[in-house]
Every structure is written in C-alpha cells, then in structure tokens.
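In what follows, chains are A, B, ... by sequence order, proteins preceding strands, each numbered from 1. Just so it is clear, the model here is predicted, and its values are computed rather than measured.
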Amino acid sequence: MPELPEVEVVRRGLQPAVTNAVVTGVEVFDERSLRRHAPAGGAFAEQLVGRRILAAVRRGKFLWLPLESDRALVIHLGMSGQVLLRNPGAADDRMLRIRLTLEHPSRGELWVNFVDQRIFGSMAVDTMVATSDGLPGGYSGMATAHAVWQDHIPGQVAHIARDPIDPSFSARAFFTALAQKKTGIKRALLDQNLISGIGNIYADEALFAARIHYEQPAASLSRAKATTLLAAVRTILHRALAEGGTSFDAQYVNVNGQAGYFAHSLEAYGRQGHPCSRCGTLIVREQFMNRGSHFCPHCQRLTRPRPGSEGPPR
DNA sequence: GAACTATCCTGGGTGC
DNA sequence: TGCACCCAGGATAGTT
C-alpha cells in the first residue's frame, strides 16, 4: 500500500524522466481513474497536451507534476496505484488506466503508464494556489532556483498537513494539535489533516517502536511520549525509504516495476501470531476503522493518565 | 465542529 | 474445476 516512502520512491524515479518533458498525448482507458478531476476546469487531456512539466513534487501521499501553466497534474496512488515508465510500443500493463506520452528534450519519447487494480487512486489536473505559510508546497528535491510553482500547491492538496520528513513540518504545531484530539492516537496518526504520509502499516510500526497502544487517547500522551512517537515515525519512514518502500505483492513497485524490501523489516504489521521481537508475546491483530491494527499486548498497554497528569503536552 | 462510519473498488486467497 | 465469499485500506461524503 503506497504510503509516504513508496510515493517518494516513485517521485524520485519520475523526476529525471518527466522534468522539462512536454506532454504530447493522453489516453484514458478508464474514466473512474479521473474521479478527482473536476471537469469544470476543462477536459483532462486538453489541459495536459502541449504543456511542459516543470518538476515532480510530493506532500504526504500526494504527488503532483507542476505544468508550465497555473496548473498541475495531481497523482494519488490510493491502495494499488503504480506509475510506470515504459518505452513507446511496450506491451500494455495489466490494469492500465491512463497513459501519458511525453517528449523529453534529451531522453526522447516516453510513456508514463498509470496502473491501478482497485481504482482507489486517481489522476487529476488542478489549479495551483499559494501555500498558506508561503513555504514550499511540497518536497521536490530542488532546493536551489526559486520558481513560482515551489510555493504553490494544487487546490485539492492544500488541506493536507505537512509530512514529518518535510523540512517545514512543525513538531510544535503537531504536539499542540495532538493535545486537543479526543480520539485514539492511531486515528490521529492516520488523519492526513493533522500529519500526512502515514498509513496503516507505518502507524502500526511507529506505535510498536514507541510502545504505545493504538487506542491510547492522543491528548493523554506526555510531551516526552509524543516526542518519542514522532521520532519513531521519522526513523521508520527514513528506513523504509532507504529500503525502497514496503511491497507485499505486486501492489507496490517503483517506476521501473521493482519491489521494495521494507516488508522484511516490519515488527508489527502483518505479524499477528508471531512473537514480539522484544518480549516474545504473540503479536495481536484487532479490527480497527475497517482495517487491521497490529500490536504487542505486553509492550503496548493502554494506560490511564494519573489524576492531575492529563492535559496537553507541555 | 469533532468524531465516527460507510462507501468506493477488484484481484487473490480460501473454503466448499 | 468452478463458484461464492472475504479481505486488503486511503480519501471523503455522510451521519451522529
């Protein structure tokens, strides 16, 4: 399931291939993959053909390609989306939903195939808006030359919080928001308006690393515990990124169709019935938010705040 | 307004 | 072998 590390791997693969390339063709094989495209802004293909792509940018699980206009091609992989680079004439990938044909100044013609089994992902062309804080809209890997697109963000992504490996991410703002959440900590981690890029897998892994029960009320965490959790989130995301992301099956691959290796490093997710690496207690899987939650019932205990100790982290 | 739930969607796995 | 059913989960609209 593509979460932040998997999307970043895709972004890194796309960047050299699409930057400065011009879109010369668009083929939509399944209109459902345009669910997030607002037709009022114009037909999908019409807004792309003839436009030059300026970069590949990511915030959380959203990826976008700023165009030489006031718009961007927004890509969300959903659960099973893949962006694959192919040579023109290559056999169609299974579940191919959309194909872009690009002309790159040095690489020549190239196909960008959007493949999606479950059609939870999408492509859309959206208008760019200025970021509310004036800071870069997302991570592009380009720290130097300032361009207009850098402090802009697609309108449909503007409500998404910054992700924890974004240099502009504010830990203080995150702790403050957490302290006001009456919900469980895992639900808070999955709330993309609070902190982005974390999905079910990395939420379980971070909570395991920080020894926090998934239903622990977010507001009950001390500042020290919240700091530990944020550090665990960052460590796990960086490790997953270094290992090319998490692949269980063919549902996640990079732009060249290669799988990541982080699935071998998982300590909690998908390990129900296996012993905890710390204490040997069997990892448990419980139903949570229409999905699974994996944890060690010994290391990750639900604790009640002591009288007088509850309240926002200080 | 916040918290929570249902819905979208389909290939693969399992059981009969 | 073939069929029916269940499972996975990100984003968001709808409900409480």
Query raised in the report: Between C:dA11 and A:Gln192, is there an OP1 or OP2 to side-chain N/O distance shorter than 4.0 Å?
Result: yes

Query raised in the report: When you check the phosphate oxygens OP1 and OP2 of C:dA11, does a side-chain N or O of A:His76 lie under 4.0 Å from one of them?
Result: yes

Selection from [options] that lies nearest to any side-chain heavy atom of [X]:
X	options	answer
A:Lys181	C:dA11, B:dA3, B:dC4	B:dA3
A:His159	C:dA11, C:dT12, B:dG11	C:dT12
A:Glu3	B:dG11, C:dG10, B:dC9	C:dG10
A:Arg94	B:dC9, C:dG10, B:dG12	B:dG12

Query raised in the report: Are the side chains of A:Glu6 and A:Leu77 in touch, meaning some heavy atoms are under 4.5 Å apart?
Result: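 Not touching, per the 4.5 Å side-chain cut-off.
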
Pick out the pairs of N or O atoms, protein on one side and nucleotides 5-8 of chain B on the other, that lie under 3.5 Å.
none

Report task. Check every strand shown and say whether A:Gly292 touches a base, only sugar-phosphate, or nothing at a heavy-atom separation below 4.0 Å. Result -> sugar-phosphate

Requested in this report: Check whether any side-chain N or O of A:Gln300 sits under 3.5 Å from a backbone N or O of A:Arg211 as a donor-acceptor pair, and report yes or no.
Outcome: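 Side chain of A:Gln300 to backbone of A:Arg211, a donor-acceptor pair under 3.5 Å: no, none is there.
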
Report summary line: Residues passing the ring-ring contact (aromatic ring centres under 6.0 Å, His included) test with A:Phe62, sequence neighbours excluded, are A:His76

**Report entry** Sequence neighbours excluded, every pair satisfying side-chain hydrogen bond (donor to acceptor under 3.5 Å, both in side chains) that has a member inside residues 53-62 of chain A
**Finding:**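 For residues 53-62 of chain A: A:Glu8-A:Arg58, A:Arg58-A:Asp163.
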
Requested in this report: Can you tell me the distance, in whole Å, between the CD atom of A:Glu31 and the C1' atom of B:dC9?
Outcome: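 Answer to the nearest Å: 17 Å.
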
Requested in this report: For A:Met79 and C:dG10, give me the distance from atom CE to atom P, rounded to whole Å.
Outcome: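 About 7 Å, once rounded to whole Å.
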
